Amino acid sequence: MVEYHDEGILPFSRERVWQLLIAHSDPAQIVRIHPLVRAQEIVGRSGETLTVRRKIDVRGKLLSSEWRIVSQSPEMMRWEVLTSEGPWAEGSWLENRYSVVPDGTRIESRGKLKVSVLPFFLPQGALIRRILNDLDVEDSAYLRI
């Protein structure tokens, strides 16, 4: 697992960012936000915890995984991969904390991540950062709709 830390500011209100996060739990919306997520079904819900099963397109092959998503609106959201064929390895997790700043919403991220469907010669850290940056671009594009 690679330790991951990052922070940044989204030029949107925390309320708007939280609407995006809620949309990630909607099977019809997640496929619009992140096109490589081809299907999602909710398999459990208890309080602040949601469990989903996803099919993700990895280089043309659909891989299944199950995720636990814990939300403490509007301050924190955490996802953890419970079972996985890929791309994220089982046990990978990421926690985001959200705070209001004058220019929008500050996001502080930390986690431990591993990509399981990676050629052995590619460095995990650089690939993880690239994947998460791509996901941020997709999130920002959805926020602008």
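What's counted below: heavy atoms across the whole structure, side chains too, no hydrogens, waters or symmetry copies. Note that this is a predicted model, so its numbers are computed, not measured.
- Formation of a donor-acceptor pair under 3.5 Å by the S46 side chain with backbone atoms of T49 is not found in this model.
- Taking the charged nitrogens against the carboxylate oxygens, R97 and E75 have no contact shorter than 4.0 Å, which rules out a salt bridge.
- A donor-acceptor contact under 3.5 angstrom links the side chains of Y142 and Q29, judged on distance only.
- The two residues S116 and G86 have their closest heavy-atom pair at OG-CA, 3.5 Å.
- In E41, the CD atom is crowded: over 12 heavy atoms of neighbouring residues, nucleotides or ligands sit closer than 6.0 Å.
- Side chain of Q40 to backbone of H24: a donor-acceptor contact under 3.5 angstrom is found.
- Side-chain heavy atoms closer than 4.5 Å link hydrophobic residues (I, L, V, M, F, W, Y) into clusters, and following such links, possibly through other members, connects L143 to I22.
- For S84 (side chain) and E90 (main-chain N/O), no donor-acceptor pair under 3.5 Å exists by modelled atom type.
- Side chain of S140 to main chain of V137: no donor-acceptor pair is present (N/O by atom type, distance under 3.5 Å, no hydrogens or angles).
- Between V31 and A39, the shortest heavy-atom contact is CG1-N, 4.1 Å.
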### Task
Please lay out, stage by stage, how W18 and M77 fare under the test side-chain contact (heavy atoms from CB on, under 4.5 Å).
CA-CA 9 Å; W18 206 258; M77 181 165 281; 4.2 Å; yes
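- The structure places CD1 of I30 at 5.0 Å from CD1 of I33, a figure rounded to the nearest 0.5 Å.
- To the nearest 0.5 Å, atoms CD (E15) and CG (L20) are separated by 13.0 Å.
- Using a 4.5 Å heavy-atom threshold, the side chains of F12 and R144 count as touching.
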### Task
Might you work through the side-chain contact (heavy atoms from CB on, under 4.5 Å) test for L50 and I42, ending with a clear yes or no?
CA-CA 7 Å; L50 180 70; I42 296 172; 3.5 Å; yes
### Message
Could you walk me through whether I107 and I9 satisfy the side-chain contact (heavy atoms from CB on, under 4.5 Å) test, starting with their C-alpha distance in whole Å, then the side-chain angles of each, then the deciding distance to 0.1 Å, before giving a yes or no?
### Response
CA-CA 6 Å; I107 303 173; I9 296 175; over 6 Å; no
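- Taking the ring centre of W93 as origin, the terminal cationic atom of R78 falls inside the region bounded by 6.0 Å and 45° from the ring axis.
- Within the cation-pi definition used here (under 6.0 Å to the ring centroid, within 45° of the axis), R54 qualifies as a partner of W67.
- Under 3.5 Å, the side chains of S64 and K55 contain a donor-acceptor pair of N or O atoms.
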#### Entry: Test log, rule side-chain contact (heavy atoms from CB on, under 4.5 Å), inputs L63 and K61
CA-CA 6 Å; L63 302 179; K61 184 175 180 182; 4.0 Å; yes
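- How far CG of L21 is from CZ of R14: 11.5 Å, rounded to the nearest 0.5 Å.
- Between W79 and W88, the two ring planes are tilted [angle within 30° to 60°].
- Both L135 and I56 sit in one connected hydrophobic cluster of ILVMFWY residues. Membership requires side-chain heavy atoms under 4.5 Å apart, directly or through other members.
- No single ILVMFWY cluster, assembled from side-chain heavy atoms under 4.5 Å apart, contains both M76 and V17.
- Residue Q124 is tested with M1, R129, K114 for a side-chain contact (heavy atoms from CB on, under 4.5 Å); the sole match is K114.
- Checking N96 against S109 by side-chain atom types alone, a donor-acceptor pair falls below 3.5 Å.
- The OG1 atom of T83 sits 4.5 Å away from atom CD of E66, with the distance rounded to the nearest 0.5 Å.
- Closest heavy-atom contact between V101 and R106: CG1-CB, 3.7 Å.
- L132 and L10 fall within the same hydrophobic cluster, defined by Ile, Leu, Val, Met, Phe, Trp and Tyr side-chain heavy atoms under 4.5 Å apart, directly or through other members.
- The distance from atom CD1 of I69 to atom CG of L82, rounded to the nearest 0.5 Å, is 9.5 Å.
- Proximity of V2 to V115: side-chain heavy atoms (C-beta onward) are nowhere separated by under 4.5 Å.
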